[in-house]
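Step one of this worksheet: look at the structure below.
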Amino acid sequence: MSEKLLEVRNLNVRLKKSGETLVKDISFSMEKGQTLGIIGESGSGKTMTGKALLRLLNPRVFETGGEALFCGRNLLALHEDEFRSLRGKALSMIMQNPMTAFAPMTRIGKQLTVTLSAHLAIGKKEAYERALRALRDVNLHQAEKIMRSYPHELSGGMLQRAMIALALMLRPKLIIADEATSSVDAISEEMILEEFMKIRAQGISLLIVTHDFGVAAALADHILVMKDGCIMEQGTARSIFHAPRHEYTKELMDASVLAEVNNHAQSF
Amino acid sequence: MLRKIRRNPQAMAGLAMIAAILLTALLAPLLAPNDPNAVNIANTYARISAQYPLGTDEMGRCVLSRLLYGARYSLGIAGPTLLLLAVFSTVVSTACAYIGGRTDRVFSALCDVFMAFPPLLIAVTLIGSLGQGITNIIISIVFSMWVWFAKIVRTFVLQEKNKEYIIACRVAGCSDLQIILGHILPNVLPQLIVYFSTGVASIVLTVSGYAFLGFGFETGTPEWGAMFSKASSYLYGHPMLLVYPGLCIIVTTAGFNLFGEALRDIISPEEA
């Protein structure tokens, strides 16, 4: 039997002020090395779920309940210091917009090395070498130049790969990718998908939040379909794509196919 | 960094002006042709001459010598005051804005209370209770002006802390201190430098306001603000007595502003 990496039980996210529930008692689990895709339309609660797992929701605005057992430890109940040591090292995230996910006034190299130094007791030179290797591993060949660059000097695709390098540097057990391909062009998307394939091959678990069925189909072993904060359907990628049971999943797939056809039509 | 400063004409112009004022302050005893406090009632409002290159004032004192010595007092007050103001308001505002929630609300309310009183009123109250003297003048200026700086710092920090890269830093496991020192401050500092540089003129003029109320330096001290303030009484008869200290204040302020703006351009990569 495969080992459980993440087990989410009755996760719910509620707006404190209005009392509105945005994520409603959802439960799912992930095994080690598995790739789980969360699909849904905008406002379905998929990003909220990812952020809740990483405790990125402002506690003054949101109230999070339920359990999220990561390697047996409840992420939602861990002490802040303990949780911080997990972030980056065991749990990582790839943000939606690479252009805004790097500090604009700090060189890429420094941003990578600072993250390494925050977790590992290594010197500056060692951190620099590791960061350089991480950039080369994601096919950024001019790694030295990229290390010296500011974010605005790089393209969206390069920045997204730099972010993947940043996420991978500390060899996390789980990476949450929130719409990681939605802000880049088609060529960069393909390159990023290739990087995700490599991450999968390394045995790192991926939780992919996307509204793009193509991305989910290319990467996910399991799919979770969300609507209005609830799970509509979940199962293996094959079962969801070939025999969707829920009407909403069918509608979503039809809409996705329609969008794809429209995109192709516009390109002619 | 130094190479970038050398290559930036605006930075060099600003630095040259600051250096000129600093050198004047340092070398005042060597450069001054006369004793700045030597009163000569028989020679008031003297015209420009070899002995008095910029003439004399209403007490017959050498204007040039007073201006040269004045650099010491004006910069001696403006420099430490600005440094204290910048450090105090940056530290307090950044901490409160970053923590947010109730802490920030209380801090903001405190700022509003301070802002409700005119700075001069706060300063006069403080000097009245602390007594005169250069240290007390600095303390009173810091207390009367810090809130204006603090509000600006708070605005910049609030804008910055909600940006996506800060979330990315948290995801990467950076501590709050690492985020503040490594990311928020370097990103807000360029704008702050420009704003802080404008404080030099305000401080010099505030000190002159104190002199006018009798709270500043002792009467007769050759300080630009006091000279400017005193000369305003003779605006129509002897306008140059107003122009000289005014020019000194303008040059100092312009020097700091030019250098501050250039420094912002130098350390802001997207604007370089």
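Below, read A as the first sequence line, B as the second, and so on, with proteins coming before strands; counting in each chain starts at 1.
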State, without any angle test, whether B:Tyr165 and B:Glu160 hold a side-chain donor-acceptor pair at a distance under 3.5 Å.
yes
I'd like to verify something: which residue of B:Pro190, B:Ala168, B:Ala172 has the highest number of heavy-atom pairs under 4.5 Å with chain A?
B:Ala172
Of all heavy-atom pairs linking A:Met147 and A:Thr113, the shortest is CE-CG2, 4.4 Å
Toward chain B, the part of A:Ile94 with a non-hydrogen atom under 4.5 Å:
neither
Given a strict heavy-atom distance threshold of 4.5 Å, which part of A:Arg60 is in contact with chain B: side chain, backbone, both, or neither?
side chain
Best-contacting candidate, B:Ser175, B:Cys169, B:Gly182, against chain A by heavy atom pairs under 4.5 angstrom
B:Ser175
Please enumerate all residues that pass salt bridge (Lys or Arg N to Asp or Glu O under 4.0 Å) together with A:Arg161, with sequence neighbours excluded.
none
Using a 4.5 Å cut-off on heavy atoms from C-beta on, say whether the side chain of B:Cys111 contacts that of B:Trp146.
yes
Pair count under 4.5 Å, heavy atoms only, with chain B: among A:Thr115, A:Leu166, A:Asp81, A:Leu170, highest is A:Thr115
Residue from B:Val171, B:Ile184, B:Ile167 scoring the most non-hydrogen pairs under 4.5 Å with chain A is B:Val171
Once you measure the plane-to-plane angle for B:Phe196 and B:Phe149, does it fall in the parallel (<30°), tilted (30-60°) or perpendicular (>60°) bin?
parallel
